[in-house]
Protein chains: 2
Amino acid sequence: MIIINNPNINDALIALRNGISSKNTIVALLHCRVRYEGRGSSVLEYGDRIFIIKQDGAVLIHRPTGYSPVNWQPSTSYIRVSIENGLLHIIAVRNKPREILDVEAKKVYSIVIASLTDTGRFYEVMDESIIRDVIASNPKVLGENFTTIDVEKKIEPGFVDLYLRDEKGRLVVVEIKRVKASVNAVKQLIKYVSSLSKYVPRGKLRPILVAPEFTESAIVAAKKHGVELKSIDVLKLESIRRRELEKRGEGLLRYIR
Amino acid sequence: MIIINNPNINDALIALRNGISSKNTIVALLHCRVRYEGRGSSVLEYGDRIFIIKQDGAVLIHRPTGYSPVNWQPSTSYIRVSIENGLLHIIAVRNKPREILDVEAKKVYSIVIASLTDTGRFYEVMDESIIRDVIASNPKVLGENFTTIDVEKKIEPGFVDLYLRDEKGRLVVVEIKRVKASVNAVKQLIKYVSSLSKYVPRGKLRPILVAPEFTESAIVAAKKHGVELKSIDVLKLESIRRRELEKRGEGLLRYIR
DNA sequence: GTCTCTATTTCGTGG
DNA sequence: CCACGAAGTAGAGAC
């Protein structure tokens with residue numbers, strides 16, 4: 001690992017070039033300005049930023065606040081470091097799509113260069129597909145005696161999350177949202193239903209939108225279009241899933257403790 | 001600025017606590033694992049990562065590749081640093097929504113702490129709102145003798161980008177996309193039109209989708225629903241805008257050179 | 001505060 | 001490779 005405090009511009013140049021050619025992770029604090037041209041185009045005036053080059057050539061420039069990088073390059077075809085008019089330039093180019101990021105540093109506060117090894121796996125505990133699978137294998141959590149017919153089935157406008165059958169033999173078309181459902185979710189469901197109604201009589205179809213909460217406009221649209229709303233408790237579904245996984249010896253507890 | 005190379009766990013603890021309480025930017029390289037619980041929930045096994053605490057309490061954990069952070073906290077209510085069972089813990093809590101991020105570091109490779117000042121302004125040269133404004137002040141770029149009525153106007157399902165009037169006195173409802181428009185853009189426009197048709201007879205309404213390109217399904221859906229498609233050349237609009245800005249002495253050239 | 005929409009969205013998945 | 005949809009989306013703007 002290399003740590004350089006307050007380097008002059010030539011030392012910074014050499015360090016960055018070495019770090020890039022050896023495909024290491026580089027984290028620097030710079031006083032810089034940035035220009036970007038590609039899918040969009042932007043200018044960022046001078047200021048202090050965190051500058052990162054990752055081992056795959058991804059470049060990130062972060063301001064001192066906020067989640068999002070102010071400028072970036074997801075991965076690069078090449079990165080060129082040079083000195084022009086006494087200023088350090090880092091130019092990161094991506095070819096598909098063609099994009100150019102030009103970082104012009106007036107001052108380099110610090111550079112850290114390291115070879116990072118990260119093989120640790122990442123587990124999402126509950127996303128929409130998992131919620132869908134938990135409901136598919138436990139359709140009664142929706143509060144009725146449903147049976148599962150199909151999961152994530154393509155019909156023409158898109159994918160229906162879940163098909164169930166209710167006690168009266170009707171086809172239940174389920175759209176699932178992991179977070180509060182907005183009017184868009186209702187529209188999506190209506191779209192599926194109108195497509196399905198070519199094959200199934202409308203009276204045999206029950207569209208249900210499943211989510212922890214619903215926006216007001218979603219509630220209005222649902223009422224208007226005959227869409228049922230069913231709330232779910234994601235934490236409850238999570239505990240059901242955990243139980244299932246534990247039963248199969250795949251529990252997350254393995255990883256958590 | 002403080003730079004610490006390979007600190008022991010107690011020195012790391014003290015440095016982090018100082019950095020947090022003084023609201024500085026902290027960038028560290030850690031061998032850590034991460035647990036997240038909140039809107040979602042996830043587990044990240046041990047590995048080397050870039051760890052950042054920003055001056056507003058935002059926390060980012062980056063793996064050595066890729067654009068996105070693997071874990072994060074957009075801004076925090078509080079951050080607590082402690083040692084438990086000989087391991088460094090950084091716990092970042094956000095209250096709305098309630099989310100907890102727990103970083104457990106087994107090894108600290110480096111810590112850099114600095115007070116960054118970044119007042120530099122950020123200019124987007126061409127985003128959708130700018131394209132919309134350029135068309136609004138030059139509606140003839142769409143190839144007809146349009147006049148502008150209104151911009152970014154709320155109707156119930158949402159916001160219409162642009163209202164124009166054509167030579168036959170019809171109300172032109174414009175939806176603008178900066179990049180290739182997909183079928184969703186058509187749907188959005190249809191949504192507005194069906195809402196407007198309560199007030200304006202359908203024959204007096206002209207929905208137009210404006211974008212540099214259109215996906216095949218967008219073209220099909222547009223034809224089916226009577227939506228017109230008009231291509232724009234964003235670069236051409238950009239030169240129009242530049243001319244307008246220069247005329248007003250607000251040209252970007254001020255900033256670019 | 002809620003809702004809506006854009007984004008150099010990114011990221012995955014499916015065709 | 002393109003097209004579509006989800007995201008712990010974030011961030012901005014309007015009401």
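Lettering of chains follows the sequences in order, A, B, ..., and the numbering in each one begins at 1.
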Rounded interatomic separation in angstrom, taking OH from Tyr36(A) and C1' from dA7(C):
11 Å
NA contact type, Ser41(A), heavy-atom cut-off 4.0 Å: base, sugar-phosphate, or nothing?
nothing
dT6(C), dT8(C), dA3(D): which one has an atom nearest the side-chain heavy atoms of Glu175(B)?
dT6(C)
When you measure from the side-chain N and O atoms of Lys191(A) to the phosphate of dG5(D), is any distance below 4.0 Å, counting only OP1 and OP2?
yes
Provide, to the nearest angstrom, the distance between the CD atom belonging to Glu213(B) and the P atom belonging to dC2(D).
10 Å
Using the P atom in both, what is the distance from dT8(C) to dT4(C), to the nearest Å?
22 Å
Between P on dT4(C) and CG on Leu189(B), what's the gap in Å once rounded to a whole number?
18 Å
CD of Glu124(A) versus C1' of dT10(C): gap in Å, rounded?
14 Å
Under 30°, 30 to 60°, or over 60°: which ring-plane class applies to Tyr46(A) and His31(A), parallel, tilted or perpendicular?
parallel
So, using ring-ring contact (aromatic ring centres under 6.0 Å, His included) as the criterion, who are the partners of Tyr163(B) when residues are at least two apart?
none
Tell me the salt bridge (Lys or Arg N to Asp or Glu O under 4.0 Å) pairs involving residues 64-73 of chain B, sequence neighbours left out?
none
Describe the nucleic acid contact of Phe122(A) in one word from base, sugar-phosphate, nothing, applying a heavy-atom distance below 4.0 Å.
nothing
What string of B, S and - do you get for nucleotides 10-15 of chain D, 5' to 3', if B is base contact, S is sugar-phosphate-only contact and - is no contact with any protein heavy atom under 4.0 Å?
SS----
With a non-hydrogen cut-off below 4.0 angstrom, is Lys153(B) in contact with a base, only sugar-phosphate, or nothing?
nothing
Gln188(B) has an atom CD; how far is it from atom C1' of dA7(C), in whole Å?
14 Å
Rounded to whole Å, please give me the gap between CZ in Phe214(A) and C1' in dT2(C).
17 Å
Report the residues that fulfil ring-ring contact (aromatic ring centres under 6.0 Å, His included) with Phe214(B), sequence neighbours left out, ordered by chain and then residue number.
none
Closest-nucleotide mapping onto DNA chain C: is Ser42(A) or Ser182(A) further toward the 5' terminus? I mean the 5' end.
Ser182(A)
With a 4.0 Å cut-off on heavy atoms, is Pro97(B) in touch with a base, just the backbone sugar-phosphate, or nothing at all?
nothing
Identify whether any heavy atom of Gly38(B) sits under 4.0 Å from a base atom; if not, whether one sits that close to sugar-phosphate; answer base, sugar-phosphate or nothing.
nothing
Quick one: label Val70(A) by what it contacts on the DNA or RNA (base, sugar-phosphate, nothing), any heavy atom closer than 4.0 Å.
base
Does any pair with a residue in residues 216-240 of chain A pass ring-ring contact (aromatic ring centres under 6.0 Å, His included), and if so which ones, sequence neighbours excluded?
none
For Tyr78(B) and Arg80(B), does a side-chain donor sit closer than 3.5 Å to a side-chain acceptor?
no
Taking only the side-chain nitrogens and oxygens of Ser217(A), find out if one of them lies under 4.0 Å from OP1 or OP2 of dC3(C).
no
To the side chain of Glu128(A), which of dC1(D), dT4(C), dA6(D) is closest?
dA6(D)
Measure from the side-chain heavy atoms of Lys96(A) and tell me the nearest of dC5(C), dA6(D), dC1(D).
dC1(D)
At less than 4.0 Å, is any side-chain N or O atom of Arg178(A) found next to OP1 or OP2 of dA7(D)? Yes or no.
yes
In this structure, how many angstroms lie between the P atom of dT4(C) and the CD atom of Glu216(A), rounded?
10 Å
Would you kindly check whether a donor in the side chain of Asn184(B) faces an acceptor in the base of dG5(D), or vice versa, at under 3.5 angstrom?
no
Is a donor-acceptor contact shorter than 3.5 angstrom present between the side chain of Gln73(B) and the base of dG8(D)?
yes
Can you sort out the partners of Ala28(A) under side-chain contact (heavy atoms from CB on, under 4.5 Å), two or more places apart, ordered by chain and number?
Leu30(A), Phe51(A), Ile111(A)
Kindly give the heavy-atom pair with the smallest separation between Leu116(B) and Gln55(B), and that separation in Å.
N-OE1, 2.8 Å
Side chain of Asp127(B) (C-beta onward), nearest among dT4(C), dA7(C), dT8(C)
dA7(C)
What are the two closest heavy atoms between Pro207(A) and Gly226(A), and how far apart are they?
CG-O, 3.6 Å
Residue Lys180(B), side-chain heavy atoms: nucleotide from dT8(C), dC2(D), dT4(C) that is nearest
dC2(D)
Just the rounded figure in Å: distance from C1' of dC5(C) to CG of Asp161(B).
9 Å
